[in-house]
Amino acid sequence: MLGVGPFYVSGIFIVTVSATIFRYLGWLRIGTIDNLWIRILLILIAIVLMVESVIVWCLAVFGSRMVESVKTGQLMTTGIYAWVRHPVYTAFFLLNTGILISQTNWCLMALPFVYWLALSILLKRTEERWLQQKFGAQYARYAARVNRVLPWPPRGPETI
């Protein structure tokens with residue numbers, strides 16, 4: 001099933017790349033962080049986020065049995081899916097967040113919050129609605145235990 005993913009991912013990439021180009025060309029000077037130690041800290045955080053994005057994406061695509069699960073119509077709740085409900089979207093969100101943080105500009109650091117909000121709204125109104133209809137109470141229990149976008153250890157008992 002092809003959902004809102006390609007639109008969301010291409011949209012945030014266009015905004016992130018544009019913001020990066022504007023920053024590089026000097027068109028976005030407001031919000032520039034001049035303190036060297038803060039810049040170094042932010043670049044380190046950005047690197048961690050970008051590495052985490054690659055790990056999450058690899059776990060979702062290669063580490064899980066996603067294709068097999070989709071073919072058999074089963075709800076994914078193990079592996080990385082036990083930590084985050086939408087790991088592929090999460091990977092792109094983290095990658096773009098890392099790129100923006102690496103720009104060391106306070107104004108650009110507002111964009112990940114916009115990205116998160118947009119993703120949450122899109123998922124609630126499309127894919128999660130579809131998953132709720134398809135899997136019912138099983139999905140409701142899963143959604144109550146596992147974060148939508150930010151990877152975190154699951155809450156409560158593991159019975160789905």
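Positions are given from 1, in the same order as the sequence printed here. As a basis for the values below, the full set of heavy atoms in this structure was taken, side chains included, without hydrogen atoms, waters or symmetry mates. What you see is a predicted model, and the numbers here were worked out from it, not measured in a lab.
- More than 12 non-hydrogen atoms from other residues, nucleotides or ligands lie less than 6.0 angstrom from CZ of Arg39.
- Taking the six-membered ring where the residue is Trp, Phe135 and Trp130 present perpendicular rings, their angle passing 60° and hence far from 30°.
- Within a 6.0 Å sphere centred on CG of Leu117, heavy atoms belonging to other residues, nucleotides or ligands number more than 12.
- Panel note: side chain Arg148, backbone His86; no donor-acceptor pair is recorded below 3.5 Å.
- In terms of heavy atoms, Gln132 sits closest to Ala137 at NE2-N, 4.4 Å.
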Would you check, one step at a time, whether the test side-chain contact (heavy atoms from CB on, under 4.5 Å) holds for Leu150 with Val84? CA-CA 6 Å; Leu150 301 175; Val84 64; over 6 Å; no
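- One hydrophobic cluster, built from ILVMFWY side chains closer than 4.5 Å, holds both Ile30 and Ile38.
- Leu123 and Val114 end up in different hydrophobic clusters when Ile, Leu, Val, Met, Phe, Trp and Tyr side chains are linked at under 4.5 Å.
- When all heavy atoms of Ala19 and Leu108 are compared, the closest pair comes out as CB-CD2, 3.6 Å.
- Two residues are said to be in side-chain contact when any heavy atoms from C-beta on lie closer than 4.5 Å; Leu100 and Tyr115 meet this criterion.
- In summary, of the residues considered (Asn105, Ile99, Leu25), a side chain to side chain contact (heavy atoms under 4.5 Å, CB included) with Thr20 occurs for Ile99 alone.
- Rounding to the nearest 0.5 angstrom, the gap separating the CD1 atom in Ile12 from the CZ atom in Phe92 is 8.5 Å.
- Residue Ser102 comes nearest to Ile43 through the heavy atom pair O-CG1, 4.1 Å, listed as atom of the first residue, atom of the second, then distance.
- For the pair Val56 and Pro87, the tightest heavy-atom approach, listed with the atom from each and the gap, is CG1-O, 3.3 Å.
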Using the side-chain contact (heavy atoms from CB on, under 4.5 Å) rule, take Trp37 and Ile40 through it: C-alpha gap first, then chi angles, then the decisive distance, then the call. CA-CA 5 Å; Trp37 294 108; Ile40 290 170; 4.2 Å; yes
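- Of the possible polar contacts, one joining the Thr90 side chain to the Val149 backbone as a donor-acceptor pair under 3.5 Å is found.
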Derivation of the side-chain contact (heavy atoms from CB on, under 4.5 Å) call for Glu52 and Leu49: CA-CA 5 Å; Glu52 182 182 9; Leu49 287 173; 3.9 Å; yes
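- Taking 4.5 Å as the limit, every side-chain heavy atom of Thr97 sits out of range of all side-chain heavy atoms of Trp116.
- Within the 3.5 Å criterion, the main-chain N or O of Phe13 finds no donor-acceptor partner in the side chain of Thr16.
- Two different hydrophobic clusters hold Ile45 and Val54 under the rule that ILVMFWY side chains link at heavy-atom gaps under 4.5 Å.
- With hydrogens and angles ignored, the 3.5 Å screen pairs a side-chain donor or acceptor of Arg85 with a backbone N or O of Ala143.
- Smallest separation of non-hydrogen atoms from Pro112 and Phe93: O-CE1, 3.2 Å.
- Criterion: ILVMFWY side-chain heavy atoms under 4.5 Å apart, direct or through other members. Under it, Met109 and Leu44 are not part of a common hydrophobic cluster.
- How far NZ of Lys124 is from CG of Leu119: 12.0 Å, rounded to the nearest 0.5 Å.
- Side-chain atoms of Arg23 do not come within 3.5 Å of backbone N or O of Leu28 as any donor-acceptor pair.
- Taken to the nearest 0.5 Å, the CG atom of Leu41 stands 11.0 Å off from the CG atom of Leu36.
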After noting the C-alpha distance and the side-chain angles of Tyr24 and Gln103, does the key distance pass the side-chain contact (heavy atoms from CB on, under 4.5 Å) rule? CA-CA 9 Å; Tyr24 178 76; Gln103 302 304 309; 5.9 Å; no
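- Once rounded to the nearest 0.5 Å, the distance linking CG of Leu94 with CH2 of Trp57 reads 14.5 Å.
- Within the model, atoms CG of Leu131 and CZ of Arg129 stand 12.0 Å from one another, a figure rounded to the nearest 0.5 Å.
- When all heavy atoms are compared, the tightest approach of Ala91 to Ser53 is O-CB, 3.1 Å.
- Put simply, CD on Gln138 and CG on Leu75 are 5.0 Å apart, with the number rounded to the nearest 0.5 Å.
- When atom types are taken as modelled, the side chain of Arg29 and the backbone of Gly26 share a donor-acceptor pair closer than 3.5 angstrom.
- Side-chain N or O atoms of Tyr142 include one that pairs as donor or acceptor with a backbone N or O of Tyr81 at under 3.5 Å.
- Side chain of Tyr8 to backbone of Tyr89: no donor-acceptor contact under 3.5 angstrom is found.
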